[in-house]
Engineer: 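Below are the C-alpha cells for one structure; questions will follow.
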Amino acid sequence: MKNYEIESLSKFNTVGFRNDLISWFEKEQRELPWRKDQDPYKVWVSEIMLQQTRVETVIPYFNRFIEWFPTLEDFAEADEEKILKAWEGLGYYSRVRNLHSAVKEVCETYNGMVPDTPEAISKLKGVGPYTAGAVLSIAYGKPEPAVDGNVMRVLSRILLIEEDIAKPRTRKIFEEAVRELIDHGNASFFNQALMELGALICTPGVPACLLCPVREHCVAFGEGVQAQLPVKTKKKKSRAVQLVAAILTNNQGDLLIHKRPANGLLANLWEFPNFEIHNQLLPKREVFQQQFLDAYGAKPEIGEVITKIDHVFSHLVWNVDTFAGKLDESIDQQVLDKHHLKWVSQQEIQDYAFSVSHQKMFAAYTSGTGI
DNA sequence: GAACCGTGGAG
DNA sequence: TCTCCAAGGTT
C-alpha cells in the first residue's frame, strides 16, 4: 500500500535510467578507502562515520580506525578510551559508542558475521533505515533502499517530488521510489551511484546538469526547476550558553581534567573544569571559584582570561571564557573519583579524548599568549 | 514529531 | 558574519 503516487513513475524509463546511472558510476566513481573491498565491517564503519559528515573529513579517520582496529574482533575488544580517541574530533560521539556496542553484539550473537537481513541488522544500535540499507546493498548486494540526503535531493529532481525532505515521514516516499527503480542485479552500484551523483553533480543549490549522465530522465531539468528542489524547510536557530572554564595546575604541574557524564552532549569525553553562568552578577573569575568550591570543596587561584571561545554545535552555542589557574590545596582521592576528576601530566593528556572546544582551550594554554 | 547530538567547509 | 550543510539515529 502506498499513500503517495509519484506521477512521473508510470511512464519513467526505469531500465534506461539504471543503465545510464550505473555506467556513469563505473567510469567516474571516486577511489575511496572503503571501496577497496566489500568487507561488511569496513562498509559498516564507513557508513557510520559518513553520517552527517563529509567524505574528505572521514577519509583520514577511516584509515586510522582500520589501522587501529583491522577486524571486527579487534574493535570489539578495544576499550572505551581508545574508541573515543579514534573518534576524537569527528563529532556525534554516540555513533562510536553505539557502534562498539553493536559490534560486540555481532561477535557474541552472530559469531562475528555482520547480519545480512533487514530485520537483524536494524536491531543493532546505531543502525537506522539508511545504514541498514547501505550495508545490505553495498556489502551483500541486497536490493534494499539506502535513502540519505543525496538520494532525496537527486530523486526529488529526477521524479519532481515536492514533499518537504526535512520531515521524517518523507523518507518513506523515497524508499518506495528506490524500490521501484533499484537494479536487483547490482543494488550496490545503484545505491552508491545515486549518492555519488548527489555528491558530485546533483549538488544543492545549482546542480551541474550539463555534466549529468541522467539529465534526459530528469523531470525537474525538463521543466527547468532543478534549482528549486528539493523542498526543505529551515531549522530554527540555536540557543547560546555562557560558560566559564579553567585549566588548573597543581604543585607538580599536572592538569586537572573532568570526564563528562555518560549521556547527553559530548558524552564520556574529557574536558577542563567548567561551569555554566546563569546570572552575571559576579566577575566570571569569581563565578568559577565559587562554583568550584561548592562542587569540589577547594578554592583555586585564578589568573587572567587566556582565551574566549565561541563554539558552535548543531543545536547550541557555547561562549566560553577560559582562565588559567593554580590549585595548591589537594583534593581527596575519593572526591576526585566521585566527581570523575583526574590529575594528568601534559604527556598523559594525549591519551584522553577531548571535544574540539576543549582542544582549543588547551591550545591557547600551551601557546601561552592566549587571545 | 520535535529536539537532541559535532564539526569544518562552502558560498 | 551568517546560513546551510554532509552517506542519520535516538529519544
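Hydrogens, waters and symmetry mates are skipped; everything else that's a heavy atom, side chains included, is used. Each chain gets a letter, A, B and so on, in the order its sequence line appears, and its residues count up from 1.
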Engineer: Classify the nucleic acid contact of A:W87 as base, sugar-phosphate or nothing, counting any heavy atom under 4.0 Å across all strands shown.
Structural biologist: nothing
Engineer: Distance-only, no hydrogens or angles: does the A:D183 side chain make a donor-acceptor pair with backbone N or O of A:A187 under 3.5 Å?
Structural biologist: no
Engineer: Please check this pair: side chain of A:H100 against backbone of A:A78, looking for a donor-acceptor N/O pair closer than 3.5 Å.
Structural biologist: yes
Engineer: DNA chain B: A:L90 or A:P168, which has the more 5' nearest nucleotide?
Structural biologist: A:P168
Engineer: How far does the P atom of C:dC4 sit from the matching atom of B:dA3, given to the nearest Å?
Structural biologist: 16 Å
Engineer: Could you see if A:V335 belongs to whatever hydrophobic cluster contains A:W343? Use Ile, Leu, Val, Met, Phe, Trp, Tyr and a side-chain cutoff under 4.5 Å.
Structural biologist: yes
Engineer: Give the rounded distance in Å between these two atoms: CG of A:N268 and P of B:dG6.
Structural biologist: 11 Å
Engineer: Name the orientation class of the two ring planes belonging to A:F292 and A:F275 (parallel below 30°, tilted from 30 to 60°, perpendicular beyond 60°).
Structural biologist: perpendicular
Engineer: Suppose you measure atom C1' in C:dC5 against the same atom in B:dG6; what distance do you get, rounded to whole Å?
Structural biologist: 13 Å
Engineer: Ignoring hydrogens and geometry beyond distance, is a side-chain donor-acceptor pair present between A:R35 and A:Q192 at under 3.5 Å?
Structural biologist: yes
Engineer: A:F354 has an atom CZ; how far is it from atom P of B:dG6, in whole Å?
Structural biologist: 16 Å
Engineer: Listed in order of residue number, which residues of residues 128-149 of chain A have a non-hydrogen atom at under 4.0 Å from DNA chain B?
Structural biologist: none
Engineer: Do A:F65 and A:Y61 have ring centroids that are under 6.0 Å from one another?
Structural biologist: no
Engineer: Can you tell me the distance, in whole Å, between the CG atom of A:N263 and the C1' atom of B:dA3?
Structural biologist: 16 Å
Engineer: Identify whether any heavy atom of A:G205 sits under 4.0 Å from a base atom; if not, whether one sits that close to sugar-phosphate; answer base, sugar-phosphate or nothing.
Structural biologist: nothing
Engineer: Just checking A:S46: base, sugar-phosphate only, or nothing, at a heavy-atom cut-off of under 4.0 Å?
Structural biologist: nothing
Engineer: Tell me which residues in residues 91-102 of chain A lie within less than 4.0 Å of DNA chain B, going by non-hydrogen atoms.
Structural biologist: A:G91, A:Y92, A:Y93
Engineer: How is A:V127 classified with respect to the nucleic acid when contacts are heavy atoms under 4.0 Å: base, sugar-phosphate, or nothing?
Structural biologist: sugar-phosphate
Engineer: Exactly one of A:W87, A:F272, A:W270 should register a ring-ring contact (aromatic ring centres under 6.0 Å, His included) with A:F354. Which one does?
Structural biologist: A:F272
Engineer: Please classify the nucleic acid contact of A:P204 as base, sugar-phosphate, or nothing, using heavy-atom distances under 4.0 Å.
Structural biologist: sugar-phosphate
Engineer: Describe, in one word, how the ring planes of A:F62 and A:W34 are oriented to each other, choosing from parallel (under 30°), tilted (30 to 60°) and perpendicular (over 60°).
Structural biologist: perpendicular
Engineer: Can you see if the side chain of A:K232 gets near the phosphate of C:dC4 - specifically, an N or O under 4.0 Å from OP1 or OP2?
Structural biologist: no
Engineer: Give A:K237 one of three labels, base, sugar-phosphate or nothing, depending on what nucleic acid heavy atoms sit under 4.0 Å from its own.
Structural biologist: nothing
Engineer: Indicate, with a heavy-atom threshold strictly under 4.0 Å, whether A:R171 touches base, sugar-phosphate, or nothing.
Structural biologist: nothing
Engineer: Distance check, rounded to the nearest 0.5 Å: A:R260 atom CZ versus A:L265 atom CG?
Structural biologist: 5.0 Å
Engineer: Give the rounded distance in Å between these two atoms: CZ of A:F62 and C1' of C:dA6.
Structural biologist: 18 Å
Engineer: Please give, in whole Å, the distance from B:dT7 C1' to A:Q52 CD?
Structural biologist: 11 Å
Engineer: The side chain of A:H315 lies closest to which of these nucleotides: B:dC5, C:dA6, C:dG8?
Structural biologist: B:dC5
Engineer: Let me know the distance between CD1 of A:I48 and P of C:dG8, rounded to the nearest Å.
Structural biologist: 11 Å
Engineer: Please check if the number of heavy atoms outside A:E329 that lie under 6.0 Å from its CD is greater than 12.
Structural biologist: yes
Engineer: For nucleotides 8-11 of chain B, tabulate all protein N/O to nucleotide N/O atom pairs closer than 3.5 Å, reporting atom names and distance.
Structural biologist:
from: B:dG8; atom 1: N2; to: A:R54; atom 2: NH1; distance (Å): 2.5

Engineer: Take atom P in C:dA6 and the same atom in B:dC5, then report the distance between them in whole Å.
Structural biologist: 23 Å
Engineer: Could you give the distance separating C:dG9 and B:dG8 at their P atoms, to the nearest angstrom?
Structural biologist: 22 Å
Engineer: Would you call A:Q291 and A:V244 a side-chain contact if the rule is heavy atoms closer than 4.5 Å?
Structural biologist: no
Engineer: For the backbone of A:N19 and the side chain of A:S23, can you confirm whether one donor and one acceptor N or O come within less than 3.5 Å of each other?
Structural biologist: yes
Engineer: Less than 6.0 Å separating the ring centroids of A:F17 and A:F12?
Structural biologist: yes
Engineer: Identify which one of A:Y92, A:W318, A:Y93 satisfies the ring-ring contact (aromatic ring centres under 6.0 Å, His included) criterion when paired with A:F313.
Structural biologist: A:W318
Engineer: Given atom NZ of A:K172 and atom C1' of C:dG8, what is their separation to the nearest angstrom?
Structural biologist: 14 Å
Engineer: Map A:K125 and A:W34 onto DNA chain C by nearest heavy atom, then report which one ends up closer to the 5' terminus.
Structural biologist: A:W34
Engineer: What contact category does A:R35 fall into here, base, sugar-phosphate, or nothing, at under 4.0 angstrom with non-hydrogen atoms?
Structural biologist: base
Engineer: Provide, to the nearest angstrom, the distance between the NZ atom belonging to A:K236 and the P atom belonging to B:dG1.
Structural biologist: 17 Å
Engineer: Kindly point out which of B:dG6, C:dG9, C:dA6 is positioned nearest to the side chain of A:L265?
Structural biologist: B:dG6
